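See structure below.
In what follows, every chain begins at residue 1, and chains take the letters A, B, ... in the order their sequences are listed. Source: prediction; values computed, not measured. The analysis underlying the following values was restricted to heavy atoms, covering all of them including side chains, and did not include hydrogens, waters or symmetry mates.
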Amino acid sequence: MIPTVAPTRADQTERTTAAAANARSAGKAAIAKFSRHRLLTSPGAVTGIVWLAALVIASLTAPLWLPFKTEDQDFTAVLSGPTAAHWLGTDELGRDILSRIFAAAAGTLGTSLLTVIVGVALGTVLAMLSAGAGERTEGAISRGTEIMMSLPGTVIILAVIGAVGTNIPVVMAILGILMSAGIYRVILGQAKSLQSQLYVDAAKVDGSSPLGISVRHVLPGLANTIVVQAALIFAVGMLIQAGLAFIGFGPPIPQPSWGGMIQGASQHVYDAPWMMVPTGAVLALTVLSANAIGNALGKAPNASAPHLPSAAARRQRAKAVAAIASAAPSDRSAKAHEAKGTLSVRNLSVGVDSAGPGKGVPLVTDVSFDVQPGTVLGLVGESGCGKTMTALSLLGLLPSGVSVTGGQILWNGKNLAATTDKDMEAVRGREIALISQEPMRALDPMFTVGYQLNATLRRLRGMGRAEARNEARNLLEKVGIVDAERILKTYPHQISGGMAQRVAIALALSGRPRLLVADEPTTALDVTVQAEILSLLRALVKDTGMSVVMVTHDLGVVADICDQVAVMYAGQVVENGRTEKILDNPRHPYTLALLAADPHANHAHAMPERLASISGQVPQPKDWPSGCRFAARCQFAGSACTDPVPLLPSGTGEGLVRCVKADQLAVEGMDWLATDVPASQVLGIAPKQATIIGKDLA
Amino acid sequence: MEVTMALFITKRLLMALATVLVVAVLAFLLVHAMPGSPGAVSLGAGASQDAIDQLNQQLGWNDPLFAQFFHWLGEAVQGNLGASLIDGRSISADLADRLPVTASLAAGATVLSAVLGIALGVTAAVRGGLLDQVIGGFVGLLVALPAFWVGVLFVYLFAVQSSVFPATGYVPFEVSPQDWALSLALPVITLAVGGAAFIARQTRASMLEALQQEHIRTLRATATPTWKILYVHALRYASLPIVAGIALQFIGLFGGSVIAEQLFAMPGLGQAVQTSVSTHDAPAVQGVVVIATVVVVAVNLVLELATKFLDPKLRAS
């Protein structure tokens, strides 16, 4: 009878991040505004608020308008259905059900509120105490709440009733104590995350008292969760209270209570089944209202997209693919003669689906590049430039809610952008494989390395059990793992990041792909391990003749391994060409800036005293201007940059560049300067101040 | 590996023992706070004060509290929970008769809600779209419906309108397995409605979280068939929180059986609590609280060990 309100893991992490974000944007007012907004956008929650408000008002004003007193007995209409006199019918003593429902409402809601206040206050205080007062306190409190949560709460409450009698307020307050354990568990994670925020550390350094920190910095961040829990506990409290009344532990007899009324109705289910409808409906509606409010507030604002979209989302995706297919009929005649293993991306656009939030926003526009067999192409740029989206589209693995909106991805002459998910299964793994940024998260934590490799080999290469086991060991040895036999038996969490990346590469190689898409394969690894993984990839390209699309923001990686480079900025390719040409003779200001900002890439010059930086940030896709997207951050931007810029031959080999001033810059031989002028413009601080800061640093 | 697991099990066992002890003390104190002395309760309203005092003396009511507690504890660990104040029957024997009823109810309801809840939750997460919303709304409604109201509705539908199931009463398994199952049907379904809704929510959230994990993309990139990603890999990942949710649900359902037992006139533990609380039968209340706690804690312990066994991180570390 006491449903234990425990958070799901997903909820918890989402709430935590949401709360952290809330607290950062700070201020109770902001949070309240945010909550109000979310409440008002949910029709269920609005209905819930209206219903609860109406119920409270109706109940408190009941003596003024109710047609009958709760004890009035109308013997002419016993067990009657709805009539003109008794809108919701009467019970076995001829008492008006409507009057009794509303007369009971205030008491039910009020005492349930008592459970909420006791439970939420106790749970919150304990959680804040645990989060703030160190591990020992937390251990003790957590142990105590664990005990409380594993108790048969209903039985305990009944024993309490035995001791204190049917004193509903006391019983409901004790129920609050029992329920505080669940609330504590929900709030604790979030309180701990807030307690470890930098601004809390800053407050500690400032000498704020632990109590002050808890109240001023942690509590506001918990506000939303607290309200959510309060709403849910309110609902549970009402259900339990009604349940107690139902089994005979409600308010003393003549006094109406919802549970008692349903109990009475259950006695007449044979002769007057109507009687249970009105009270049940009112109780259910009230519980629904509280739940709707809680759920609307607790809804995570932006949960991350699943990597395997739901069936509904897949149908949506199939429609988009069909649209692409019909928009760009594959001209096989022109492309069929392409050599096997050639990738040719033509005017690729990727965007957010028009149905979801942020509808129709483009993420990648008009991207073209070619990858010849046995070569490595680097996709370079800052975060948020569309590199990963471009890379994932090659395998048809864009996150749900994002899809290819135009252009072609020609692989051996076949347009992958217009290929159904089903048909992509023949391409994935067997022809194009993927390795990703975080090897630990790329492997399934619940299965051994051996299981994952064997299953993949049997699927992709049609191998038998024994053959697959042999090949798995061979593959691991091929990617430089010495004790392959042992690694096969381990779970991913038992091996190091570098080892996991080797396993992930082995997994990617198991289908003998012709193209490997590597999404920042070394970013999450230590520097020495990075070099090992890069040389492994280089050796694999040499041995197998496969080609690689390497997403990276590290120009050192580009110099190390890439034959071709495509520099991406804000969803566009701004410059591409042969690696050595671009590194030695960059034509686009963004490439110039990236090189100037890289301490290792400046081969031509000695290490500069001050490294250049690129002021500002990559603009959000919705803020992309129609002209040059880099203009706002460019040291060389002029009036010509507000017009759309085409991708034109850069004059260095077959390279292309998207800058109207490229030729002029090449002639004048300008450098990207380590100056603070644009920084001051963007950050809005006075140049004088900025110079002082600069001097201090120098 | 063995050492960690053994340490873990030992710690959990000690926790379980501590829980039962805490409850035993709590129950003892609550019972002592009950209005009326055991003598008064036992002898009824018409008894003389002398007779009441004499019986109280005999029952040890006037001994120091801790002496009474340890006396009770000493007897309890030997399986003797004392005699009822109302009719003098052995509380241990009475509860031993009642336990199978409540255990069948709670176990049946837990299994049914797990099966229904996982099916609904997985479907909602996997199908998405309109079906997800429909299931979400349905589950939201089920959470809000009070179990006792649903129970009355079932009685009306299946026992009054069409007499598919008996409306009330319990037939022991030994008497007739078929009638036993029939007599359990309505109470089990009644209890399972809310439980299924709870587990459906937990399952949906856990499945969605599993599908957000990056290794799902690796599986897709190696052409793993969709059914295998969903029902082998994602469900396996989601199994930990789902089993934890089922364990929590069992606690709730074990307590929730009070209502089902009252509604369907089942002679279980819940009914025993209800009557003994109403009649101020102190030793009976104390006994049933402790027994209920022991059962819940034991089942919880087993399910928790199962959860830990499902987690390679704990199993293999």
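A 6.0 Å sphere centred on CZ of A:R430 holds more than 12 heavy atoms belonging to other residues, nucleotides or ligands.
Each of A:A235, A:S436, A:A313, A:P445 has some count of heavy-atom pairs under 4.5 Å with chain B, and the biggest count is that of A:P445. Counting heavy-atom pairs closer than 4.5 Å to chain A, the top residue among B:L26, B:L30, B:L29, B:V31 is B:L30. In terms of heavy-atom pairs under 4.5 Å with chain B, the best-connected choice from A:L397, A:L395, A:T456 is A:L397. With chain A as the partner, the residue from B:L219, B:T226, B:N300 showing the most heavy-atom pairs under 4.5 Å is B:T226. Per-residue counts of heavy-atom pairs under 4.5 Å with chain A were compared for B:G195, B:P146, B:G270; the largest is that of B:P146. No other option in B:L130, B:I216, B:V20 has as many heavy-atom pairs under 4.5 Å with chain A as B:I216. Ranked by heavy-atom pairs under 4.5 Å with chain B, the list A:L460, A:V517, A:I161, A:N291 is led by A:L460. Top candidate by heavy-atom pairs under 4.5 Å with chain A, chosen from B:A223, B:A27, B:A18, is B:A223. Chain B forms more heavy-atom pairs under 4.5 Å with one residue of A:P309, A:G429, A:A312, A:A442 than with any other, namely A:A442. Annotation: maximal heavy-atom pairing with chain B below 4.5 Å, among A:A242, A:P513, A:A433, occurs at A:A242. Ranked by heavy-atom pairs shorter than 4.5 Å toward chain B, the options A:I435, A:I262, A:L308, A:T166 are led by A:L308.
Heavy-atom distances place both the backbone and the side chain of B:Q274 under 4.5 Å from chain A. The contact between B:V289 and chain A is made by backbone and side chain atoms together, counting heavy-atom distances below 4.5 Å. Heavy atoms closer than 4.5 Å to chain A are found in the backbone of B:A125, but not in its side chain. Neither the backbone nor the side chain of B:S276 comes within less than 4.5 Å of any heavy atom of chain A. Residue contact with chain A, scored on non-hydrogen atoms closer than 4.5 Å, involves the backbone and the side chain of B:L153 alike. Residue contact with chain B, scored on non-hydrogen atoms closer than 4.5 Å, involves the backbone and the side chain of A:R143 alike. The contact between A:R441 and chain B is made by backbone and side chain atoms together, counting heavy-atom distances below 4.5 Å. Looking at B:V299, there are no atoms closer than 4.5 Å to chain A (heavy atoms on both sides), in backbone or side chain. With a 4.5 Å cut-off on non-hydrogen atoms, A:S150 touches chain B through its backbone and its side chain both. Heavy atoms closer than 4.5 Å to chain A are found in both the backbone and the side chain of B:L141. Using a 4.5 Å cut-off between heavy atoms, A:L507 contacts chain B through both its backbone and its side chain. Interface residue B:H280: only side-chain heavy atoms are found under 4.5 Å from chain A.
Side chains of A:Q494 and A:V449 form no contact here, defined as non-hydrogen atoms less than 4.5 Å apart. Looking at heavy atoms from C-beta onward, A:I156 lies out of side-chain contact with A:M148 at the 4.5 angstrom threshold. Two residues are said to be in side-chain contact when any heavy atoms from C-beta on lie closer than 4.5 Å; B:R236 and B:S239 meet this criterion. A:P492 has its side chain out of reach of B:H215: every pair of non-hydrogen atoms, C-beta onward, lies at least 4.5 Å apart. For the pair A:S266 and A:M276, the minimum side-chain heavy-atom distance is 4.5 Å or more. When side chains are defined from C-beta on, A:F249 does not count as touching A:I157, because their heavy atoms never get closer than 4.5 Å. Contact of the B:D132 side chain with the B:R127 side chain is not registered, since no non-hydrogen atoms from C-beta on lie closer than 4.5 Å. Proximity of B:L95 to B:V288: side-chain heavy atoms (C-beta onward) are separated by under 4.5 Å at one or more points.
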Test side-chain contact (heavy atoms from CB on, under 4.5 Å) applied to A:Q263 and B:F148, step by step:
CA-CA 8 Å; A:Q263 206 277 329; B:F148 48 90; over 6 Å; no

Do A:D444 and B:T218 pass the side-chain contact (heavy atoms from CB on, under 4.5 Å) test, and can you show the C-alpha distance, the side-chain angles, and the key distance before you say yes or no?
CA-CA 9 Å; A:D444 190 332; B:T218 309; over 6 Å; no

Checking side-chain contact (heavy atoms from CB on, under 4.5 Å) for the pair B:F264/B:V155: CA distance, chi angles, key distance, verdict?
CA-CA 9 Å; B:F264 296 97; B:V155 168; 3.4 Å; yes

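Using a cutoff of 4.0 Å between basic side-chain nitrogens and carboxylate oxygens, A:R428 and A:E425 are not scored as salt-bridged.
Heavy-atom minimum distance, A:L392 versus A:P399: CD1-CD, 4.3 Å. Contact detail for A:I495 and A:M440: the closest heavy-atom pair is O-CE, 3.0 Å.
B:F158 and B:F154 have tilted rings, their planes meeting at an angle from 30° to 60° on a 0 to 90° scale. Taking the six-membered ring where tryptophan is involved, the planes of B:H32 and B:F28 are tilted, since the angle between them lies from 30° to 60°.
The interface of residues 290-298 of chain B with chain A, defined by heavy-atom distances below 4.5 Å, comprises B:A292, B:T293, B:V296, B:V297.
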